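Everything numeric here is computed off the predicted structure, so don't read it as measured data. Just so you know, ligand 1 is whichever comes first in the structure, and atom 1 is the first atom listed for that ligand. The analysis underlying the following values was restricted to heavy atoms, covering all of them including side chains, and did not include hydrogens, waters or symmetry mates.
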Amino acid sequence: MRSFRALADLFADLERTSSPSRRIALLAAFLKSLRPEEAGAVAYLLRGQVAAPFAGMEFGMAERLAAEAIAQADGSSVERVRRMLSSRGDLGSAAEQLQPAGSGHSGSILRVLRELRAIASLSGEHSQAAKRDALASLLADASGIEAKYLVRAVLGSQRLGVADMMYLRALAKAYASDKDARTLEAAYSTFSDLGEVSRRIVRGGVAALRNIAPQPGTPVRMMLAGRARDLREITRRMHGSMLIEYKYDGERVQIHRDRTGRILAFSRRATNITDQYPEVVEAIAHSKIPKGSILEGEIVAFDPHAQRLLPFQQLMQRRRKRHIEAYVRKVHVALFAFDLLLIGNRSLLNTALLKRRALLRRYCRPGGVIHLSECTLGARLAELERCFTEALASGAEGLMVKAASGPYQAGRRGWLWIKYKREYQARLADSFDLVIVGAMSGRGRRAGLYGSLILAAFDPAANRYYSLTKVGAGLSDRLLRELLSLLRPLRLSECHPLVESGIRADLWFRPAKVVEVTGADLTLSPVHTVARSRLHGQGLALRFPRFVRLRDDKSPEQATSVAEIYQMYRSSVSGSAARQ
Ligand code: AMP
């Protein structure tokens, strides 16, 4: 059995190593030495979690409580911990410093996971004190380096920078070959639980990951769409007939009816949002959808009397953990179902969209809050133009055009689905989902708030974030105040190691929050760093950016990618050359 100390040493090595291939090698060598359950535990602990994200096991511990636990374990005062915190920059490093070097031992990886799970599952009246005491007793056994990562885990600030794809590559290196990386990725896309993928491969090799079906209760990673610059591009990219659907402006949801009949709803980030939409859950419970099924749709704010779509901002009021019932009455929603992935435990991932849609119609009858997405089967530009005009007139934000014979490509953004939004047509340029990596302090009217935010795109291949723009426009004072409290827990003393920013920010943040912005156009820039390696040392910048909204439904790894931005830049350059 491997010790938690060995894992903490691996974490420290990963933090010291920036080369992606070296990081993968380190991780692979460690994973090779594990039993199935241990590999599952490592998959979670690497990202400071104790279970797959959709299990909803969160520590819910504030920095103040963790500081008290450290003081309790060490027999020192909270004041001393605080002093150490301000000199070391983070509470994990403070705990490491306070723990006598080399002393103590937390035991095995599995023991630590068990203890951490016990802390996460404490709830109720005196749970805060119980959490503090349990953490203190775990820390009392730990060596300095163990304490550092234990504290970062409970605070949700484990920043080892191992993205999902990097972890899968390491797992492939340890238990299969590089050419099997696709099989691992497909398995992870089918059930988004890195722990389960790890346990299976350690137990049964790569063969255990081939031809697997979605499991009700475990989210499937959602299929995503490419973006078209104009409707003509869609006809060029789509071969054969296409299902032209309205693109609704709400929250994507994947609804599972598991083998026991229980209904669960997951967001695009694979978090469990079942409690947020009780009326949708109720409607599905009364539908003909059998046990062992998974369907997808978009939940939107909806006026049931006028049968009218309402703006996304209204739906955001439903994003809450408390007073849900009052808001169910205040903000009505509708589900626009558009896909079926599993029916009665039979996988439909490889079934053509038209057939999936026919099954959806059979099992998911419209009525009450349930609707089916508006769609037309077509193949010609004129049909796209007509649907687009109709979609906008109905309050949808554009079109989602899908290859009628295409499979459901879990976790992939390809050209089998193509989106086209209103903003694209208005040539306000496209909208981008970018990650906040830094901020400039506000002056004058914005004194005490942020003046602007530094935003970056993600590059999954390099597992890094590249700065694209600095946005100040469109940020209301109310939002700026909200951002202060949202970003405070993400503060860093310097630029995050995975971020390449051309701007020296006043404040740096861990890349975690995604925001949507629009802009005028993309230009070459000596400052920003997106696609710099492909553009002879110049990066791309988004000009005249304007904040649109927070995108809590997206994780930083789901932000607009560097490759997408580069492609947009290329087609804008060739477009303007063609027009001249
Ligand atoms: P974007 O967030 O701009 O990348 O657009 C993709 C999102 O559009 C999906 O994740 C869904 O939440 C949403 N969407 C709205 N209508 C549809 C539809 N008919 N089919 C698929 N996705 C849709």
Side-chain angles (χ1 to χ4, degrees), residues 219-229 234 242-255 265-271 273 277 295-302 309-312 315-316 319 333-341 353-354 356-357 360-361 364 371-377 384 387-388 390-392 394-404 406 408-425 429-434 457-458 514-518 548-561 563-565 568:
V220 178
R221 292 181 64 231
M222 292 178 184
M223 179 166 177
L224 300 170
R227 64 169 86 196
R229 277 189 72 76
I234 303 182
M242 47 198 180
L243 205 58
I244 308 165
E245 293 186 31
Y246 285 10
K247 185 176 192 302
Y248 298 92
D249 196 9
E251 173 161 29
R252 174 96 166 250
V253 66
Q254 193 177 84
I255 302 178
F266 297 105
S267 73
R268 182 153 159 179
R269 301 182 70 168
T271 49
I273 51 169
Y277 300 113
L295 67 107
E296 270 189 15
E298 186 89 351
I299 291 184
V300 287
F302 194 71
L309 297 167
L310 297 172
F312 178 79
L315 184 73
M316 283 304 92
R319 253 273 161 91
V333 301
L335 168 73
F336 284 83
F338 54 71
D339 217 324
L340 195 58
L341 282 56
L353 174 62
L354 269 195
R356 303 203 301 277
R357 181 83 195 192
L360 181 69
R361 255 198 312 273
C364 188
H371 302 243
L372 292 179
S373 67
E374 199 63 44
C375 73
T376 309
L377 193 60
L384 286 172
C387 292
F388 184 62
E390 279 170 18
L392 296 194
S394 313
E397 62 169 351
L399 292 181
M400 212 28 145
V401 184
K402 304 176 181 177
Y408 186 95
Q409 294 184 315
R412 295 270 293 279
R413 187 189 290 282
W415 294 108
L416 291 181
W417 287 13
I418 303 179
K419 60 185 173 186
Y420 183 70
K421 291 203 239 179
R422 184 179 35 225
E423 288 89 335
Y424 305 2
Q425 192 198 35
D430 304 342
S431 80
F432 299 77
D433 298 320
L434 300 172
F458 183 58
V514 178
V515 296
E516 183 177 337
V517 294
T518 56
V548 180
R549 63 191 181 192
L550 285 170
R551 290 295 308 245
D552 282 334
D553 58 325
K554 292 200 173 179
S555 71
E557 291 169 15
Q558 291 168 337
T560 307
S561 71
E564 278 179 86
I565 295 171
M568 280 150 73

Worksheet item: Which value, rounded to the nearest 0.5 Å, describes the distance between R356 atom CZ and K402 atom NZ?
Response: 8.0 Å
Item to complete: Answer side chain, backbone, both or neither: which part of R268 comes under 4.0 Å from ligand 1, heavy atoms only.
Response: side chain
Item to complete: Give the numbers and elements of all ligand 1 atoms closer than 4.0 Å to a heavy atom of K402.
Response: 18 (C), 20 (N), 21 (C)
Worksheet entry | Distance, nearest 0.5 Å, that separates CG of L335 from SG of C364 | 6.5 Å
Discussion item. Within the 4.0 Å heavy-atom shell around K554, which atoms of ligand 1 are there?
Written reply: 1 (P), 2 (O), 4 (O)
Practice prompt. Please list, chain by chain and in numerical order, all residues satisfying side chain to side chain donor-acceptor pair (under 3.5 Å) with S555, sequence neighbours excluded.
Written response: none
Response to the item:
Contact region, F336 to ligand 1, non-hydrogen atoms below 4.0 Å, reads neither
Fill in: Atoms of ligand 1, numbered as shown, that sit under 4.0 Å from any heavy atom of K421
3 (O)
Worksheet entry | Qualifying residues under side chain to side chain donor-acceptor pair (under 3.5 Å), relative to R549, sequence neighbours excluded | D249, E516
Worksheet item: Between K247 and ligand 1, does any nitrogen or oxygen pair lie at a separation below 3.5 Å?
Response: yes
Fill in: Parallel, tilted or perpendicular: rings of H371 and F302 (30°, 60°)
perpendicular
Discussion item. Walk me through whether S431 and R227 qualify under side-chain hydrogen bond (donor to acceptor under 3.5 Å, both in side chains).
Written reply: CA-CA 10 Å; S431 80; R227 64 169 86 196; 5.1 Å; no
Worksheet item: Are any of the heavy atoms in R551 under 4.0 Å away from ligand 1?
Response: yes
Discussion item. Is there a side chain to side chain contact (heavy atoms under 4.5 Å, CB included) between F388 and L384? Walk through the geometry before answering.
Written reply: CA-CA 6 Å; F388 184 62; L384 286 172; over 6 Å; no
Worksheet, complete the sentence: Numbered in order shown, the ligand 1 atoms found under 4.0 Å of a heavy atom of E245 are 18 (C), 19 (N), 20 (N)
Worksheet item: So which of E296, R252, E374, M400 gets nearest to atom 6 (C) of ligand 1, if we judge by its closest heavy atom?
Response: M400
Fill in: K419-ligand 1 polar pair, N/O distance under 3.5 Å
yes
Discussion item. Could you tell me, atom by atom, which parts of ligand 1 come under 4.0 Å of a heavy atom of E298?
Written reply: 11 (C), 12 (O), 13 (C), 14 (N), 15 (C)
Worksheet, complete the sentence: Rounded to the nearest 0.5 angstrom, the CD1-CZ distance for I255 and F266 is 11.0 Å
